[in-house]
J.: 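Mind having a look at this structure? Questions to follow.
Computed over heavy atoms, backbone and side chain alike; hydrogens, waters and symmetry mates excluded. The sequence lines fix the lettering, A, B, ..., with proteins before strands; numbering per chain opens at 1.
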2 protein chains.
Amino acid sequence: MTVKRNTWQREAVREALDSRDGFVSAQGLHQGLRDAGSHIGLATVYRTLADLANVGEADSLQSPEGESLYRACASTGHHHHLICRNCGLTVEIAATEVEVWAKKTASDHGFTDARHVVDIFGLCPACTAASA
Amino acid sequence: MTVKRNTWQREAVREALDSRDGFVSAQGLHQGLRDAGSHIGLATVYRTLADLANVGEADSLQSPEGESLYRACASTGHHHHLICRNCGLTVEIAATEVEVWAKKTASDHGFTDARHVVDIFGLCPACTAASA
DNA sequence: CCCGTAATGATAACGGTTATCAATCCGAGA
DNA sequence: TCTCGGATTGATAACCGTTATCATTACGGG
């Protein structure tokens with residue numbers, strides 16, 4: 001079966017992710033690593049992020065523009081995000097209330113295997129002040 | 001100022017959208033029109049759909065894969081969707097409960113100008129039965 | 001019926017993401 | 001510690017959805 005190896009690249013991506021406050025695009029993270037002197041390849045960043053995402057070490061979502069964004073989240077369980085559309089600042093939200101609603105709504109209509117997308121995009125306090 | 005012209009192409013896109021039950025991609029709709037004998041161009045379909053969307057005649061959302069999907073919705077106001085990820089069948093949902101939650105959550109954290117993305121993807125009754 | 005101009009459409013360009021494939025290097029076993 | 005197989009990497013080409021280009025078409029007010 002598939003073996004997981006520890007390469008410095010994988011570690012670099014993990015660290016780079018951890019050092020960020022909000023969501024980043026694969027390209028953005030790659031750029032940041034290059035700027036920091038790393039010679040990591042773009043394809044590797046894409047692969048590693050996708051991998052971390054479905055292993056549960058990172059969360060991913062699509063920006064309103066259709067880009068895939070990633071983030072190393074503190075909470076390990078299922079949760080949602082409140083994201084600043086200007087600076088990317090992200091707040092993790094546990095929305096039990098919405099969780100229940102989504103499940104109920106789906107089953108009320110006979111839908112099975114329901115997954116939901118629930119994210120809030122706005123302007124954080126700092127950016128709100130700055131744009132005033 | 002900008003004048004809106006009535007071309008047969010615009011009308012064709014509107015009709016094609018209305019004749020569908022669920023969300024469709026621009027390419028899908030274009031293909032359908034071509035199959036029906038229309039000689040409409042792909043670029044026009046994209047332009048028209050985008051236009052209908054921000055005029056409010058159509059709703060748009062991003063599929064989990066990042067494609068833009070469109071739909072002519074019955075309800076004119078703000079609402080959400082329960083979508084079959086297999087056949088595209090869509091149910092419109094008025095989620096006052098979630099609306100309130102989103103607004104409260106945002107302001108609790110000092111976020112302003114909040115917009116939210118709330119969609120549920122699952123398998124409709126028919127597709128659930130078919131995949132069993 | 002005319003004419004200015006918005007709309008169209010074939011196609012090129014674009015931007016993000018994934019596939020390719022030879023070179024590399026991790027690490028289990030000897 | 002050394003070896004060797006196969007997972008991983010990375011430069012680049014290919015993909016795919018979407019948007020821009022621009023010459024041509026045709027809507028519709030006068």
J.: Do the side chains of B:Val24 and B:Leu89 join up, straight or via other hydrophobic residues, at under 4.5 Å, putting them in one cluster?
T.: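 No, it is not one cluster - the side chains of B:Val24 and B:Leu89 are not joined through contacts under 4.5 Å.
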J.: When the ring centroid of A:Phe23 is compared with that of A:His81, is the distance short of 6.0 Å?
T.: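 Between A:Phe23 and A:His81, the centre distance is under 6.0 Å.
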J.: Ring centres of A:His116 and A:His78 under 6.0 Å apart?
T.: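 That pair passes the under 6.0 Å test.
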J.: From the list D:dC27, D:dT9, C:dG9, which nucleotide is the closest neighbour of the side chain of B:Thr7?
T.: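 Of the options given, the side chain of B:Thr7 lies nearest D:dC27.
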J.: Nearest whole Å is fine: how far is D:dG29 P from B:Lys4 NZ?
T.: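 Answer to the nearest Å: 15 Å.
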J.: Taking atom types as modelled and ignoring hydrogens, do the side chains of B:Thr112 and A:Thr128 form a donor-acceptor contact shorter than 3.5 angstrom?
T.: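 Yes, A:Thr128 and B:Thr112 have a side-chain donor paired with an acceptor closer than 3.5 Å.
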J.: Just jot down the side chain to side chain donor-acceptor pair (under 3.5 Å) partners of B:His39, sequence neighbours excluded, or say none.
T.: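 Per chain and number, B:His39 pairs via side chain to side chain donor-acceptor pair (under 3.5 Å) with no residue.
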J.: How bent is the helix from C:dC1-D:dG30 to C:dA30-D:dT1, measuring the angle between the end axes built from five pairs each, rounded to 10°?
T.: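 Result, rounded to 10 degrees: 30°.
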J.: What heavy-atom pair brings B:Leu123 and B:Ser131 nearest, and what distance separates the two atoms?
T.: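 So the minimum-distance heavy-atom pair works out to CD1-OG, 4.4 Å.
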J.: Could you list all N or O pairs between the protein and nucleotides 23-25 of chain C that sit under 3.5 Å apart?
T.:
none

J.: So, using side chain to side chain contact (heavy atoms under 4.5 Å, CB included) as the criterion, who are the partners of B:Arg14 when residues are at least two apart?
T.: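 B:Arg14 satisfies side chain to side chain contact (heavy atoms under 4.5 Å, CB included) with B:Arg10, B:Glu11, B:Leu52, B:Glu57 only.
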J.: Going 5' to 3' along nucleotides 14-25 of chain D, which nucleotides have protein heavy atoms under 4.0 Å from the base (write B), which only from the sugar-phosphate (write S), and which from neither (write -)?
T.: ---BBBB-----
J.: Between C:dG27, C:dA10, D:dG10, which one does the side chain of B:Arg34 approach most closely?
T.: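 The nucleotide sitting nearest to the side chain is C:dA10.
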J.: Suppose we screen for side chain to side chain donor-acceptor pair (under 3.5 Å). Which residues come up paired with B:Ser25, at least two apart in sequence or across chains?
T.: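 Testing B:Ser25 for side chain to side chain donor-acceptor pair (under 3.5 Å), a comparison that skips the adjacent residues, returns none.
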J.: Rounded to the Å, how far apart are A:Gln9 CD and D:dA11 P?
T.: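 Atom CD in A:Gln9 sits about 11 Å away from atom P in D:dA11.
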